[in-house]
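Just so you know, residue 1 is the first one in the sequence shown, and it goes up from there.
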Amino acid sequence: MNKNKSAAAEFEQTVSADELELINQYTRKNLREGEIYTFSVVLCDNDIDRDFEYFTEDTLKSLAEMFVGVTGIYDHDPTAKNQVARIYSCGVENLAPKKTAYGEDYMRLVAKAYIPICEGTRDLIAMLDGGIKKEVSVGCGIEECVCSICGEDMRTHSCGHVKGERYGDRVCCGVLKNPSDAYEWSFTAIPAQRRAGVIKSFFGNDEAGYEERFSESSQGGVVSIEEYNRLKSYAENLKEKAEESRKYKTYLELETVKSGITAKVGIESDLLENMVKGLNVSELLRLKGIFEKKAAEVLPVKSQLAEYCGAFGERKYESLNNQFDI
Ligand SMILES: [Zn+2]
C-alpha cells in the first residue's frame, strides 16, 4: 500500500487551483491536492508584547510581503530536516472592532503555509490537524524602535523614557518600524517558553544589542545569515582585543619582574617570573608600583630609567607604551 496515499486520505483537504499554483512555485515537481497539507497560522499582531513593544500597521504590511516563501522550522532547529512548512501567502487581518491596548484597531499577520505529506511530516500534520501545534514564534530584523512618548529612536538616542513606565495617561512603548528581514518562524516546542512570540533582532553596532542577542540565542533563538555575519565580525573584534590584552599582560609581567630585580627585593628572577604569571592585570600594576617605589629608593631615578631603556631598547619601550596606552 502506498504510504503517502494513506497519509493523504487521513488529512483530506480541498486546495484550490490558485493555492496550488502559489505552492508549486516553491516545489521541484508539481504537487497535487492530496500530496500537501495546508494550514493557517497567526505569526504576530500589533498589540503590545511582553517587551512593551509593538508593530505598526505598516510594519505588519511589510512583514506580510517578507514572510512569503519563508520556511517554518520545528523546535528552533534550522537544519534542512526540520524545515517542514513553507508560507505561500501572507496578509494583515483587521479584527475591528477589537482594539489594541493603546486603542488602535487590532490587526494580525496571518500566513497560509503548506507541508508536503510524507512519513516524516505525518506526526506534525496530525498535531496541526488536531489544533495542537498552533503556537509559533517568528524571527525578524527591525531597523527602528521609536519611543511612543516622544518619537526618538530608543536604540540610538537615550530619551529618558522607560518602556513599561507610565507618563501621564500613557505607557511608554517601543514602536517597531522598518523591518529589514523576516528570517524564520517556528512551531514552539513548549508553548509557555519565555520568548514564544516575536523574536526581534535589532541591527546596530552597540555591544549591548549584541549581548542581548547572544542571551536570546541561548533561549533557543535563531539568527539569519546577515546577523550571523555581524555576530561573527563582533566575535573576531573581541578576539583581537583579547589578543592585545594577552600581549599587554605579558609585557606587564616582564616589567614587574624587572622592577622587582631593580628594587633588589631579594627574590630570585625565576621565582619572581613564576609568581607574576598567577596575577591578573590590576594585581600586576599594584605590584609593579610597589617595586618601582622601592627601586626609586635603591637607585637614583636617572640610572633606573637608563637601565630600563637599556634592557628593552628605547624604540621598543616607546612602541610598547604607545600600543598599550591605558
Ligand atoms: Zn521618549
Side-chain angles (χ1 to χ4, degrees), residues 42-68 70 87 90-111 136-186 194-217 219 221-231 233-234:
V42 176
L43 297 176
C44 56
D45 59 30
N46 65 337
D47 216 341
I48 298 170
D49 65 17
R50 65 196 75 188
D51 300 322
F52 286 94
E53 291 172 346
Y54 64 84
F55 293 119
T56 64
E57 183 181 353
D58 282 348
T59 306
L60 286 185
K61 282 179 178 164
S62 302
L63 284 173
E65 286 171 28
M66 291 172 179
F67 266 111
V68 175
V70 175
I87 291 172
C90 191
V92 178
E93 218 177 67
N94 189 325
L95 270 74
K98 190 177 174 182
K99 300 282 180 193
T100 65
Y102 52 93
E104 297 279 320
D105 280 355
Y106 177 84
M107 291 174 206
R108 60 186 193 179
L109 196 57
V110 182
V136 298
S137 68
V138 301
C140 56
I142 298 290
E143 297 283 347
E144 257 187 291
C145 178
V146 169
C147 174
S148 64
I149 305 290
C150 71
E152 281 281 352
D153 190 323
M154 298 185 93
R155 287 174 303 120
T156 52
H157 298 89
S158 177
C159 64
H161 294 120
V162 180
K163 280 183 252 178
E165 293 283 312
R166 189 170 279 279
Y167 299 89
D169 59 348
R170 292 154 75 200
V171 172
C172 174
C173 288
V175 186
L176 304 168
K177 292 179 171 181
N178 292 335
S180 57
D181 187 18
Y183 53 82
E184 68 119 349
W185 60 284
S186 20
R194 191 182 74 86
R195 297 295 297 189
V198 184
I199 298 166
K200 296 146 292 193
S201 65
F202 298 115
F203 296 147
N205 293 318
D206 58 311
E207 296 198 357
Y210 281 113
E211 269 156 27
E212 188 189 333
R213 191 70 189 109
F214 273 127
S215 81
E216 280 183 7
S217 296
Q219 298 287 334
V222 175
V223 296
S224 65
I225 295 293
E226 188 186 349
E227 202 176 7
Y228 167 79
N229 287 332
R230 286 173 195 248
L231 287 172
S233 84
Y234 173 63

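Here the closest heavy-atom approach between residue Ala64 and residue Gly91 is recorded as CB-CA, 4.1 Å. Taking each heavy atom of Ala96 and Asn94 in turn, the nearest pair found is N-OD1, 2.9 Å. Minimum interatomic distance between Val42 and Val136 (heavy atoms only, all atoms of both residues): O-CG2, 3.4 Å. Here the closest non-hydrogen pair linking Lys163 and Phe52 is CD-O, 3.6 Å.
Within the 4.5 Å cutoff, no side-chain heavy atoms of Cys172 are placed close to those of Val162. Two residues are said to be in side-chain contact when any heavy atoms from C-beta on lie closer than 4.5 Å; Cys159 and Cys147 meet this criterion. For the pair Val146/Glu152, no side-chain contact is recorded, criterion being any heavy-atom separation below 4.5 Å from C-beta on. For the pair Phe55 and Ile142, the minimum side-chain heavy-atom distance is below 4.5 Å. Counting heavy atoms from C-beta on, the side chains of Glu57 and Glu104 never come closer than 4.5 Å. In this structure, the side chains of Ile149 and Arg170 come closer than 4.5 Å at one or more pairs of heavy atoms.
With hydrogens and angles ignored, the 3.5 Å screen pairs no side-chain donor or acceptor of Asp47 with any backbone N or O of Arg108. In this structure, the side chain of Trp185 engages the main chain of Val70 through a donor-acceptor pair within 3.5 Å. The backbone N or O of Glu144 sits nowhere less than 3.5 Å from a side-chain atom of Asn178 that would complete a donor-acceptor pair.
We find the CG-CD distance between Asp45 and Glu93 to be 11.5 Å, quoted to the nearest 0.5 Å. In this structure, OG1 on Thr56 lies 9.5 Å from CE on Met107, to the nearest 0.5 angstrom. Atom SG of Cys44 sits about 5.5 Å away from atom CG of Leu60, to the nearest 0.5 Å. Atom-to-atom distance recorded for Met66:CE and Thr59:OG1 is 9.5 Å, nearest 0.5 angstrom. Taking OG of Ser137 as the reference point, atom CG of Leu43 lies at 10.0 Å (rounded to 0.5 Å). With rounding to the nearest 0.5 Å, the separation of OG in Ser148 from CD1 in Ile48 is 7.5 Å.
Aromatic ring orientation, Tyr54 versus Tyr102: parallel (interplanar angle below 30°, classes split at 30° and 60°).
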